[in-house]
Amino acid sequence: MQRHSAFKDSNKQRRNFLKKIGAGLTASVATPLLARVPDAPIPNSELLLSPISSPDEAYWEMVKKQFVIPEGRIMVNAANLCPSPHFVNERVAALARDLAGDVSFQSRAKLGVGRTEAMEQLAGYLNVPLKTIGITRNTSESNNIVVNGLDFQSRDEVLIWEQNHPTNHIAWQQRARRYGFRVKIFKLPADPANPEELLNTIAAAIGPQTRLIAFSHISNVSGLALPAKAICQLARERNIMSLVDGAQSFGFIDLDLQDMGCDFYTGSTHKWLMGPMENGVLYVREERMDQIWPNIIAAGWSEDHQTLDEKVCVLGQRNTPSTPAIADILSFHQTIGKANIEKRVRELNTYLKGQLREKLPQTEFVTPLAPELSGGVTIISLPGQDSRELFSQLYEQYGIAAAPTGGVRLCPHIYCTLEDVDKVVQALVELST
Ligand SMILES: Cc1ncc(COP(=O)(O)O)c(C=O)c1O
């Protein structure tokens, strides 16, 4: 299979990125897209200049300093929205300033170049051909492009997980009501013994008319992680399509979509990828591309278009200064290492769960404790305490940004240290006494 060359020379990508962050320490380095490089110094970024095999706590402290999170604030809200490293913010801001001063077609051509670079990097990051990738505005839009783009007949059945996000749940039900196909909702055990139990439950829910299985890779309301590769394989064996909503895995899990074997995958850049804002990713397996009708026809769309981005992501005027920065954040991921990022997020969550069990033994875990059944999302409740109230108190009294979804939802990411996790646990202990 033909892959795009963007990640073929991964060292070159990494060198370019190091050149950019190094620029923050010294003087200006010309880049093709920026009118000027960021002024703000990047603290301790020399640590990022060394190859990393096993990053230690000092390394993660330094990674945290690449973000502009104010003193006294702890962001454990990655499932909803993530902060971006400051060089990503600067890139977007510089491009926005440039656009504000010159909106000519000639000047904006460089934003198109930046978008193409972002697409190339994305294809490499996900290990799929460039033509199968599209940049949308968010996961919601990507999910809806699939839901509204496929044709189903009246006897066809779409199988969806009860915990799917509304954009992969209500969206299917609305579509089915309008066009007359069936939607079957399956439930999964809240605390399964192992991933096989989940797979077997899904296998039992498949019927002779099932045409597609749509599920969240990791649930935003329970934190349960599904064995996506095994589910996609099961679906393929039965000639069923698979849609994986990756809002809670894109940017955290060391993904390889060819290996996963899904037909459709969706995600948002403003969640675990850590920016930039308002971009979504849509992957459609090459053989399925002809089965998707466009949801939106905007100027520039053509019947002759061949790539997914041209077919379904021509959506009218976009927030163009945001998209090129996808290339920057992906270089950041590559420099740290995709595997290191996944390992660190898992380490933070395992540590969080362990500390809660030790310091606050009454904690009830909505999310399974086993790493193979969970990811970066940890949801808890405390007996006799209102989760929404706890969520408010965490922010108002301790500067801790969590979410009131499914309980108290805590999602530490690489800009959090183990010390931050200790502070979250300590805050919950104090709020419980
Ligand atoms: C599983 C899942 N899918 C889709 C979405 C929607 O993401 P966005 O608002 O970026 O479109 C979310 C948001 O939390 C989510 O958790």
Side-chain angles (χ1 to χ4, degrees), residues 75-84 122 134-149 158-175 185-186 188 198 212-228 231 242-253 255 257 260 262 264-283 295-296 312-313 315 318-319 322-323 325-326 329 345 349 366-367 373-379 391 401-413:
M75 299 294 120
V76 282
N77 191 25
N80 178 233
L81 208 56
C82 283
S84 301
L122 262 177
I135 298 182
T136 62
R137 289 174 284 213
N138 47 48
T139 313
S140 301
E141 185 164 64
S142 298
N143 282 342
N144 276 282
I145 286 174
V146 178
V147 172
N148 297 317
V158 171
L159 200 53
I160 63 171
W161 182 21
E162 154 207 47
Q163 291 186 14
N164 278 7
H165 189 266
T167 55
N168 193 22
H169 197 297
I170 299 172
W172 281 114
Q173 291 169 308
Q174 284 293 306
R175 180 83 183 166
I185 301 170
F186 64 90
L188 292 171
L198 299 173
L212 181 141
I213 302 179
F215 59 95
S216 296
H217 194 174
I218 298 170
S219 167
N220 57 312
V221 290
S222 72
L224 181 64
L226 303 202
I231 299 170
S242 52
L243 161 59
V244 181
D245 176 339
Q248 303 305 338
S249 61
F250 175 61
F252 141 56
I253 286 192
L255 285 168
L257 293 188
M260 186 192 282
C262 55
F264 311 101
Y265 181 88
T266 60
S268 297
T269 60
H270 39 260
K271 292 186 189 285
W272 294 90
L273 197 73
M274 300 173 283
M277 279 296 294
E278 208 188 278
N279 294 281
V281 62
L282 173 64
Y283 160 73
N295 285 207
I296 290 178
V312 296
C313 302
L315 304 168
R318 306 277 294 269
N319 183 13
S322 173
T323 306
I326 294 174
I329 193 66
V345 173
N349 276 272
V366 177
T367 308
L373 292 165
S374 56
V377 177
T378 296
I379 303 177
F391 148 78
T405 310
V408 180
R409 190 175 69 185
L410 305 166
C411 307
H413 202 340

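Remember, it's 1-based here, ligands and their atoms both numbered in the order they're listed.
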How are the rings of Y265 and H217 set to each other: parallel, tilted or perpendicular (split at 30° and 60°)? perpendicular
Over 60° means perpendicular and under 30° means parallel, so tell me whether F186 and W161 are parallel, tilted or perpendicular. parallel
Rounded to the nearest 0.5 Å, how far does SG of C313 lie from CD1 of I135? 8.0 Å
Before giving the answer on side-chain hydrogen bond (donor to acceptor under 3.5 Å, both in side chains), spell out for T367 and T378 the whole-Å C-alpha distance, their side-chain angles and the decisive distance to 0.1 Å. CA-CA 6 Å; T367 308; T378 296; 5.3 Å; no
Per the under 4.0 Å non-hydrogen criterion, ligand 1 touches A79, N138, T139, S140, H165, T167, S216, N220, D245, A247, Q248, S268, H270, K271
Which pairs would a plain distance check flag for residues 274-283, meaning a side-chain donor or acceptor within less than 3.5 Å of a matching protein atom at least two apart in sequence or in another chain?
residue: N279; atom: OD1; partner: T323; partner atom: OG1; Å: 2.7
residue: N279; atom: ND2; partner: M277; partner atom: O; Å: 3.1
residue: N279; atom: ND2; partner: S322; partner atom: OG; Å: 2.9

Does the pair N143 and D245 meet the rule for a side-chain hydrogen bond (donor to acceptor under 3.5 Å, both in side chains), with working shown? CA-CA 7 Å; N143 282 342; D245 176 339; 3.1 Å; yes
